[in-house]
Peer 1: 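Let me give you the structure first, and then I'll get to my questions.
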Amino acid sequence: MDKLVIDGGMPLRGSVDVSAMKNAALPIIYASILVGGKCRLENVPNISDVTTSFEILRGMGAVITGVDDTTIEIDTENLVGSTSNRDLVSKMRASYYLLGAELGRFGKAHVGYPGGCDFGVRPIDYHIKGLEALGGEVKTDSEYITINAPLGVRGNGVYFDGISVGATINVMLAAVLAKGITTIDNAAKEPHVVDVANFLNTCGARITGAGTDMIKIRGVEKLHGCTYAIIPDMIEAGTFMIAAAATGGHIKINNVIPKHLESIAAKLEEIGANVEMFDDSVIVSGNGSYKKTYIKTLPYPGFPTDLHPQMVPLLSIADGVSNIRETIWPERFRYVNELRLMGANITVNEETATAVIEGVESLHPARVKAVDLRAGFAVLIAALMTDGQTEIYDIKYIERGYEDIVAKLTGLGARIKKVPIIDDDVNEKAG
Ligand code: EPU
């Protein structure tokens, strides 16, 4: 086990390249099951959720070879359905894409329950409802979700009661090889939904409307292999934008799609940071003096829930009282205790799922832990803001979704090291 040791107090300066989007790469990797042949994926991020996905698919018979640092070839011709390893599947959330992909290719699926970051109940009822609408008969027990489509997978109209990225993509996966036309109403509009549709269309699928709330999928007989480059990660880009402002630094963030960053850019400008957008980069600078604000997390194109925790250390040093209302994951507040250890003044109104952040003069170093992926980066930003040494434990959560974080931050002038945990009292903290 390792920890991060950060000597904070240095404004971040320089430029950094954003990696490919975790939440696009993962479904695209599972979507390759539908191809039943070889695909070349470019811009694949080297993060642990991707490594776990490769382990799952290799265990099912896929052949995955690295071409270079960010390119892989994945051949799913001999992949056998219903054989995924339950322990591996339970390590991550996106393994639920096996449901749609297996059902689409084999007419049946048998998959353990997904895991992932713990911020309260994370139901999959929309996924089940959508797959049932396509002819899947779903049985669940305490260990597995089993789906059979005895009459084959058939296109149908699917309406989601709420907006779900995962359910939208899962139905899309099940529908591309189905007989007939599927429509998804109240679909998620996130850029990663569009990227998965673009990948599938490059393989011969007929999907239109991705990026709007109505997606139409005309089933095709079969898909073919392709070469596809995954889009840059807007959440990683947004995280660096916040870190630049929070440390009073000046960063050029390369390899971004500016359109995806509008909500975060608007919020940073509103509180007093300076944001300049270019064709495929963004420059953010801050002077350490910020105004309070109100943020409500929303599905795309609203302010993303996956940037909520990272905003909190920044708002902790703003003038006045800021509020962040979480509408996607109402229990996503486990970072609060850790930031309190660093001097932040945060209370949570559980009834309205709102963090109330009262500005303080400064934060201070502490021994803290990453309680989940984005919460982990929130304490990392706090550590970079403080004068003195912070230790962060349980960094495996950060490594699920951020690539090369030590190298990237070091390149921006941060003093950060990853070191093995050796002493016992520290191990207690990590537990
Ligand atoms: N929901 C249901 N039933 C369902 C599915 C979702 O009630 O069957 C609810 C959820 O409880 C939540 C809302 O719908 O309140 C949205 O959930 P969604 O399905 O969109 O979330 P997800 O697909 O499980 C993905 C990302 C999350 C990100 C959310 C929202 C992946 C692997 N995960 O999760 O990413 O927060 O969309 O944008 O794509 C992260 O990267 O840190 C992360 C948590």
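Predicted model only: the values in this text are computed from it and were never measured.
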Peer 1: Is it true that Thr305 and Arg332 share a donor-acceptor pair across their side chains at a distance under 3.5 Å?
Peer 2: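 Yes, Thr305 and Arg332 have a side-chain donor paired with an acceptor closer than 3.5 Å.
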Peer 1: For Lys296 versus Phe303, what's the shortest heavy-atom pair and its separation?
Peer 2: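 For Lys296 versus Phe303, the nearest heavy atoms are O-CB, 3.8 Å.
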Peer 1: Going by atom types alone, do Asp233 and Tyr402 pair a side-chain donor with an acceptor below 3.5 Å?
Peer 2: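 Asp233 vs Tyr402: no donor-acceptor pair found between side chains.
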Peer 1: Can you name the residues that form a side chain to side chain donor-acceptor pair (under 3.5 Å) with Glu399, not counting sequence neighbours?
Peer 2: Lys418
Peer 1: Residues in salt bridge (Lys or Arg N to Asp or Glu O under 4.0 Å) with Glu262, at least two apart?
Peer 2: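 Partners of Glu262 by the salt bridge (Lys or Arg N to Asp or Glu O under 4.0 Å) criterion, ordered by chain and then number, come out as Lys259.
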Peer 1: Report the relative orientation of the aromatic rings in Tyr300 and His260; use parallel for angles under 30°, tilted for 30 to 60°, perpendicular for over 60°.
Peer 2: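 Perpendicular: the ring planes of Tyr300 and His260 meet at over 60°.
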Peer 1: Determine whether Arg40 and Thr71 make a side-chain contact, defined as any pair of heavy atoms from C-beta on separated by less than 4.5 Å.
Peer 2: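 A side-chain contact exists here, since the closest heavy-atom pair is under 4.5 Å.
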Peer 1: Check whether any side-chain heavy atom of Val89 lies under 4.5 Å from a side-chain heavy atom of Asn85, and answer yes or no.
Peer 2: no
Peer 1: Mind checking side-chain contact (heavy atoms from CB on, under 4.5 Å) for Ser289 and listing every partner two or more places apart, or none if nothing turns up?
Peer 2: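 For Ser289 the side-chain contact (heavy atoms from CB on, under 4.5 Å) partners, ignoring immediate neighbours, are Asn287.
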Peer 1: Pairing donors with acceptors under 3.5 angstrom, does anything connect the side chains of Tyr113 and Ser90?
Peer 2: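 No donor-acceptor contact under 3.5 Å links the two side chains.
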Peer 1: Return the set of residues passing salt bridge (Lys or Arg N to Asp or Glu O under 4.0 Å) with Glu351 (not counting sequence neighbours), or none when no residue passes.
Peer 2: none
Peer 1: Using side chain to side chain donor-acceptor pair (under 3.5 Å) as the criterion, list what pairs up with Ser19, not counting sequence neighbours.
Peer 2: Glu403, Lys408
Peer 1: Kindly check if the number of other-residue, nucleotide or ligand heavy atoms within 6.0 Å of CG (Asp68) is above 12?
Peer 2: yes
Peer 1: Roughly how far, to the nearest 0.5 Å, is OG1 of Thr65 from CG of Asp75?
Peer 2: 8.5 Å
Peer 1: Which heavy atom in Arg367 sits nearest to a heavy atom in Leu341, and how many Å separate them?
Peer 2: O-CD1, 3.9 Å
Peer 1: Inspect the surroundings of CG in Asp161 and state if more than 12 heavy atoms from other residues, nucleotides or ligands are less than 6.0 Å away.
Peer 2: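 Atom CG in Asp161 is crowded, with more than 12 foreign heavy atoms closer than 6.0 Å.
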Peer 1: What are the two closest heavy atoms between Ala210 and Ile215, and how far apart are they?
Peer 2: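 Shortest heavy-atom contact: CA-CG1, 3.9 Å.
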Peer 1: Does any non-hydrogen side-chain atom of Ile421 lie less than 4.5 Å from one of Tyr393?
Peer 2: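 Side chain of Tyr393 against side chain of Ile421, heavy atoms only: contact under 4.5 Å found.
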Peer 1: Which atom pair, heavy atoms only, marks the closest approach of Ala205 to Val176?
Peer 2: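 So the minimum-distance heavy-atom pair works out to CB-CG1, 3.7 Å.
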Peer 1: From Ile6 CD1 over to Leu409 CG, what is the distance, rounded to the nearest 0.5 angstrom?
Peer 2: 8.5 Å
Peer 1: For residues Thr293 and Glu270, is any side-chain donor paired with an opposing acceptor at under 3.5 Å?
Peer 2: yes
Peer 1: Compute whether any side-chain donor of one residue and acceptor of the other, for Asn254 and Asp17, lie under 3.5 angstrom apart.
Peer 2: yes
Peer 1: Will you find, in the side chains of His192 and Asn23, an N or O donor that is under 3.5 Å from an N or O acceptor?
Peer 2: no
Peer 1: What class does the angle between the rings of Tyr30 and Tyr97 fall in, given that below 30° is parallel, 30 to 60° is tilted and above 60° is perpendicular?
Peer 2: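 Ring orientation, 0 to 90° scale: tilted.
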Peer 1: Considering all heavy atoms of both residues, which atom of Leu103 and which atom of Ala174 are nearest to each other, and what is their separation?
Peer 2: CD2-CB, 4.3 Å
Peer 1: Can you confirm whether or not the ring centre of His308 sits under 6.0 Å from the ring centre of Tyr335?
Peer 2: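 That pair passes the under 6.0 Å test.
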Peer 1: Nearest 0.5 Å, please: how far is NZ in Lys267 from CG in Leu314?
Peer 2: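 With rounding to 0.5 Å, CG (Leu314) is 11.5 Å from NZ (Lys267).
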Peer 1: Working to the nearest 0.5 Å, report the span between CG of Leu380 and CD1 of Ile392.
Peer 2: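 Rounded to the nearest 0.5 Å, the CG-CD1 separation comes to 4.5 Å.
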Peer 1: Between Arg86 and Glu143, does any side-chain N to carboxylate O distance fall below 4.0 Å?
Peer 2: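 Yes, this pair counts.
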Peer 1: Looking at Lys292 and Ala318, what are the two nearest heavy atoms and their distance?
Peer 2: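 Result for this residue pair: N-CB, 4.1 Å.
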Peer 1: Would Arg325 and Tyr294 count as a cation-pi pair here, with the cationic atom under 6.0 angstrom from the ring centre and within 45° of the axis?
Peer 2: no
Peer 1: Please check if atom NZ in Lys129 has more than 12 non-hydrogen atoms from other residues, nucleotides or ligands closer than 6.0 Å.
Peer 2: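 Result for NZ/Lys129: enclosed.
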Peer 1: To the closest 0.5 Å, what do you measure between NZ (Lys252) and CD (Glu276)?
Peer 2: 11.0 Å
Peer 1: Answer yes when Asp319 and Lys291 have at least one side-chain N-carboxylate O distance shorter than 4.0 Å, and no when they do not.
Peer 2: no
Peer 1: Going by ring pair (Phe, Tyr, Trp, His ring centres under 6.0 Å), name the residues that satisfy it together with His250, two or more places apart in sequence or in a different chain.
Peer 2: none
